[in-house]
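Read through the structure below, which is laid out as structure tokens, and then see the notes.
In what follows, chains are A, B, ... by sequence order, proteins preceding strands, each numbered from 1.
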Amino acid sequence: GAGVSQSPSNKVTEKGKDVELRCDPISGHTALYWYRQRLGQGLEFLIYFQGNSAPDKSGLPSDRFSAERTGESVSTLTIQRTQQEDSAVYLCASTRLAGGRNPQYFGPGTRLTVL
Amino acid sequence: GENVEQHPSTLSVQEGDSAVIKCTYSDSASNYFPWYKQELGKRPQLIIDIRSNVGEKKDQRIAVTLNKTAKHFSLHITETQPEDSAVYFCAASLYSSASKIIFGSGTRLSIRP
């Protein structure tokens, strides 16, 4: 079956512009996560959606970052007024059920470059 | 909140030797510890995991050990091969509850021929 997909694969933008990143999880997966991975760095948790529950936004670094998810489908991560330090790969992952024990299936990521 | 520390950040071993990567966690409520492998330019993939009611788990050349009292866990790779070269991430979360997963900072493992 199809895995997690993300678009665009690459995004180059100018400082101050807004960007929107998209994640299509595996069909039927109830949980969806967003991570940021700076060059040579680890996976920084941003936000977590679980079904219809309120998302866990505790990892969002500033109010310029926001994310939405409609039901158990597509999610979009929006970064407003981008800064150079936002340059990173943004990874999305989905899991079949709630609970940390369920393996995370990662998408290929969106490489964001802010000039 | 949970904090996961991982060491070393880079590790180079001779092919055939063993590699050990260590992680510590801060939240005693965490009870599930997965390890992910990320090859160059690819997405992370789960390679092994362990629950807190188990002290050790093995899968062929890979093993993970957990010390709940000390709140640390380790990944052991024996008889390393070139294809083991990758970045490895440890993580901590709750097994049953809906929760976020906190990753360590990663270890870049290089296998010398």
Side-chain angles (χ1 to χ4, degrees), chain A residues 2-6 9-10 23-26 29-60 67 69 72 88-111, chain B residues 1-10 21 23 25 27 29-54 57 59 64 66 73 86-110:
Chain A
V4 177
S5 61
Q6 292 185 246
S9 56
N10 283 284
C23 173
D24 284 86
I26 294 173
H29 278 201
T30 63
L32 186 148
Y33 302 76
W34 282 98
Y35 298 93
R36 179 169 67 181
Q37 187 174 31
R38 291 195 168 109
L39 186 63
Q41 303 292 311
L43 300 168
E44 180 185 358
F45 167 79
L46 297 178
I47 188 169
Y48 159 61
F49 295 91
Q50 171 56 46
N52 294 319
S53 302
D56 181 341
K57 304 179 181 180
S58 59
L60 294 178
R69 186 184 188 197
E72 294 182 354
V89 174
Y90 289 83
L91 288 163
C92 169
S94 69
T95 66
R96 188 171 64 89
L97 297 171
R101 69 186 183 278
N102 295 283
Q104 300 220 331
Y105 293 87
F106 284 85
T110 293
R111 182 176 299 278
Chain B
E2 176 64 277
N3 182 51
V4 177
E5 296 194 355
Q6 184 171 347
H7 301 280
S9 57
T10 60
I21 301 170
C23 290
Y25 61 100
D27 189 349
S30 291
N31 58 5
Y32 176 70
F33 308 93
W35 287 85
Y36 284 78
K37 176 183 180 182
Q38 186 177 30
E39 296 179 19
L40 188 62
K42 297 189 177 180
R43 65 195 79 181
Q45 290 191 306
L46 178 70
I47 56 170
I48 195 168
D49 55 18
I50 190 168
R51 293 180 62 182
S52 61
N53 59 351
V54 174
K57 184 177 179 180
D59 182 4
V64 57
L66 171 66
F73 56 113
V87 178
Y88 292 81
F89 294 98
C90 62
S93 73
L94 297 175
Y95 181 79
S96 298
S97 304
S99 73
K100 61 190 178 188
I101 294 177
I102 301 301
F103 285 86
S105 54
T107 295
R108 183 173 300 277
L109 175 63
S110 301

Practice task
Just do the side chain to side chain contact (heavy atoms under 4.5 Å, CB included) check on B/K100 and A/S58 with the steps written out, would you?
Solution key: CA-CA 9 Å; B/K100 61 190 178 188; A/S58 59; 2.7 Å; yes

Practice task
Report, as yes or no, whether the 6.0 Å neighbourhood of atom CG on A/N52 holds more than 12 heavy atoms from other residues, nucleotides or ligands.
Solution key: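 Check fails, neighbour count at 12 or below.
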
Problem - Interatomic spacing from OH in A/Y48 to OG in B/S93 - rounded to 0.5 Å - result: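 Between A/Y48 OH and B/S93 OG, I get 9.5 Å after rounding to 0.5 Å.
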
Problem - Value rounded to 0.5 Å, distance of CZ in A/F106 from OH in B/Y36 - result: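 It comes to 5.5 Å.
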
Handout entry: For the student: nearest non-hydrogen atoms of B/R43 and A/G107, plus distance
Key =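 Heavy atoms only, the tightest pair is CB-O, 3.4 Å.
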
Exercise for the section: Name the option with the most non-hydrogen atom pairs under 4.5 Å to chain B; the candidates are A/G40, A/G59, A/G42, A/G109. Expected result: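 Of A/G40, A/G59, A/G42, A/G109, A/G42 has the most heavy-atom pairs under 4.5 Å with chain B.
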
Problem - Under 4.5 Å from a heavy atom of chain A, the part of B/Q38 involved - result: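 The side chain, not the backbone.
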
Problem - Residue part contacting chain A, namely of B/F33, when any heavy atom lies under 4.5 Å - result: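 No part of B/F33 comes within 4.5 Å of chain A.
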
Checking heavy atoms, do the side chain of [X], its backbone, both or neither come under 4.5 Å from chain B?
X	answer
A/L43	both
A/Y105	neither
A/Q37	side chain

Problem - Under 3.5 Å: donor-acceptor pair, side chain of A/Y33, backbone of B/I101 - result: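 Answer holds: no.
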
Handout entry: Flag side-chain contact, heavy atom, 4.5 Å: A/L91 against B/P44
Key =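 Contact flag for A/L91/B/P44 side chains = yes.
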
